[in-house]
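This structure is a prediction, so every number in the text was calculated from the model and none was measured. Below, read A as the first sequence line, B as the second, and so on, with proteins coming before strands; counting in each chain starts at 1.
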Number of protein chains: 2
Amino acid sequence: MNIIDESGILAISTRLQRLSEQLRKDGALFYKSYGIDFEPKWFPVIYTLHHKEVLSVVEIANEIGYTHPSTISLLKELEKQKLIRSKKDKIDERKRLIQLTAKGQELIEQMKPVWDVMKKVLGDIADNQNNLLQAINEAENKILHQSFLQRALQLKSEEIK
Amino acid sequence: MNIIDESGILAISTRLQRLSEQLRKDGALFYKSYGIDFEPKWFPVIYTLHHKEVLSVVEIANEIGYTHPSTISLLKELEKQKLIRSKKDKIDERKRLIQLTAKGQELIEQMKPVWDVMKKVLGDIADNQNNLLQAINEAENKILHQSFLQRALQLKSEEIK
DNA sequence: TTTATTTATGTATTTAACTACGTAGTTTTG
DNA sequence: CAAAACTACGTAGTTAAATACATAAATAAA
């Protein structure tokens, strides 16, 4: 499939999605191999709460980099699993403060060694002649500085001259 | 957001998805700047048919690397846009043969210069100290050779020893 | 101190992919 | 050549994210 060599925009994005989906599925299976019932998608919330203890919905959303509706649906799942609980903020009644349950904290302790293995393996997969994580960082930074669209429009106008 | 440094599995996949979504949206806007009404997601099908001329549904799915149901829905959109048309294969009545319409072919000619610009910009964004495309290739190859799960399970069993 | 604006949360809908399943032709095999 | 297996296509339903919209509480401004 050399579509990418010929034009790219779509190809790169679908390949990135594939790669990520594969990693996600394998991640779930790997947890299972430890007898742990944990979905990779829950990780960012759990991990954030592990370090920050108590946060509101929007604060979590910002931490994990998702929109708040997406975050809410994750929180619902985690609440169903009894890994987190929430209570109203007494100072600001609009806020729902989220924190880990005891069960959630215990689970984290169980998962820590699993995360270590995952981290190593992921590092190994990403570490090649061209390091994937660094490549992503570098590409993200370039786009942050000037978006794909801005760059394309600029090149277009230069060519017209 | 240093989640990735601490554990990774989810973080890498969501970041990849973000990056790809951004590129996709900007791609659509860039087409629009040329007055072309074309969605980046249509590209693989159109591009494939540009080179192969006539293909069945499943053949296209294989070429673009999507499942056939996904491909069918793309084909429906493209048929609605009158960019492709289809006819039954007279030899194998199960098959639907797809090809570009005249309108589709004209559109491709209009898009070619746009693709050139996109290719350059994408190349520029991806080409850093660590080349993103090559990094993706290398990571994909590693996984192809031995999956994330296999690697993780192996490391796990080594550590138990 | 009303009124307007902003912030926090939640719901509904959309999108783009997937898997699972069903049906109808085609090919292989006993 | 009839039965079994396979292939091609299509539909239905699921998932994980997003947007868009709605409401309520808090804050700022007139």
Contact list (N/O, under 3.5 angstrom) for nucleotides 10-12 of chain C vs protein:
| unit_1 | atom_1 | unit_2 | atom_2 | d |
| --- | --- | --- | --- | --- |
| C:dG10 | OP1 | A:R96 | NH1 | 2.8 |
| C:dG10 | OP2 | A:R96 | NH1 | 2.6 |
| C:dG10 | N7 | A:H68 | NE2 | 2.7 |
| C:dG10 | O6 | A:H68 | NE2 | 3.1 |
| C:dT11 | OP2 | A:K76 | NZ | 3.1 |

- Message: Please determine whether a side-chain nitrogen of the Lys or Arg among B:D124 and A:R151 lies less than 4.0 Å from a carboxylate oxygen of the Asp or Glu.
- Response: yes

Taken to the nearest whole Å, NZ/B:K88 to C1'/D:dC9 is 11 Å

When rounded to whole Å, the NZ to C1' distance for the pair A:K25 and D:dT14 reads 12 Å

Atom CG of B:L97 and atom P of D:dA8 are separated, to the nearest Å, by 12 Å

Exercise. Taking OP1 and OP2 of C:dT9, is either one under 4.0 Å from a side-chain nitrogen or oxygen of A:S56?
Worked result: yes

Contacts of A:E59 and B:E93 projected onto DNA chain C by closest heavy atom; the upstream (5') one is A:E59

In whole angstroms, the gap separating C1' of D:dT14 from CD of A:E77 amounts to 13 Å

In whole angstroms, the gap separating C1' of C:dA8 from CG of A:N62 amounts to 11 Å

- Query: Does A:Y66 put a side-chain nitrogen or oxygen below 4.0 Å from OP1 or OP2 of D:dA17?
  - Reply: yes

With sequence neighbours left out, the residues meeting salt bridge (charged side-chain N to carboxylate O under 4.0 Å, His left out) with A:K82 are none

Margin query: Using a heavy-atom cut-off of 4.0 Å across all strands, would you classify A:I91 as base, sugar-phosphate, or nothing?
Written below: sugar-phosphate

Between A:R24 and A:E39, is there a salt bridge with N-O shorter than 4.0 Å? no

Residue set satisfying salt bridge (charged side-chain N to carboxylate O under 4.0 Å, His left out) with B:E140, at least two apart, ordered chain then number -> A:R15

Point to revise | Distance-only side-chain donor-acceptor flag, A:Y31 / A:W115, under 3.5 Å | key: yes

Self-check item: Phosphate OP1/OP2 of C:dA17: any B:R24 side-chain N/O under 4.0 Å
Solution: yes

Original post:
Charged N to carboxylate O below 4.0 Å: is that the case for A:E79 and A:R85?
Top reply: no

A:K32 bridged to A:D37 by N-O distance under 4.0 Å: no

For nucleotides 2-7 of chain D, which of its nitrogen or oxygen atoms have a protein nitrogen or oxygen under 3.5 Å away, and what is each distance?
| unit_1 | atom_1 | unit_2 | atom_2 | d |
| --- | --- | --- | --- | --- |
| D:dT7 | O2 | B:R94 | NH1 | 2.6 |

Whole-Å distance, B:E63 CD to D:dA8 P, equals 14 Å

Across all chains, not counting sequence neighbours, the salt bridge (charged side-chain N to carboxylate O under 4.0 Å, His left out) partners of B:K103 are none

When rounded to whole Å, the CG to P distance for the pair B:D89 and D:dA8 reads 11 Å

Applying salt bridge (charged side-chain N to carboxylate O under 4.0 Å, His left out) to A:K76 and not counting sequence neighbours gives none

Here the distance between atom C1' of D:dA17 and atom CG of A:L74, to the nearest Å, is 10 Å

Does A:T67 make a side-chain N or O approach to OP1 or OP2 of D:dA18 shorter than 4.0 Å? yes

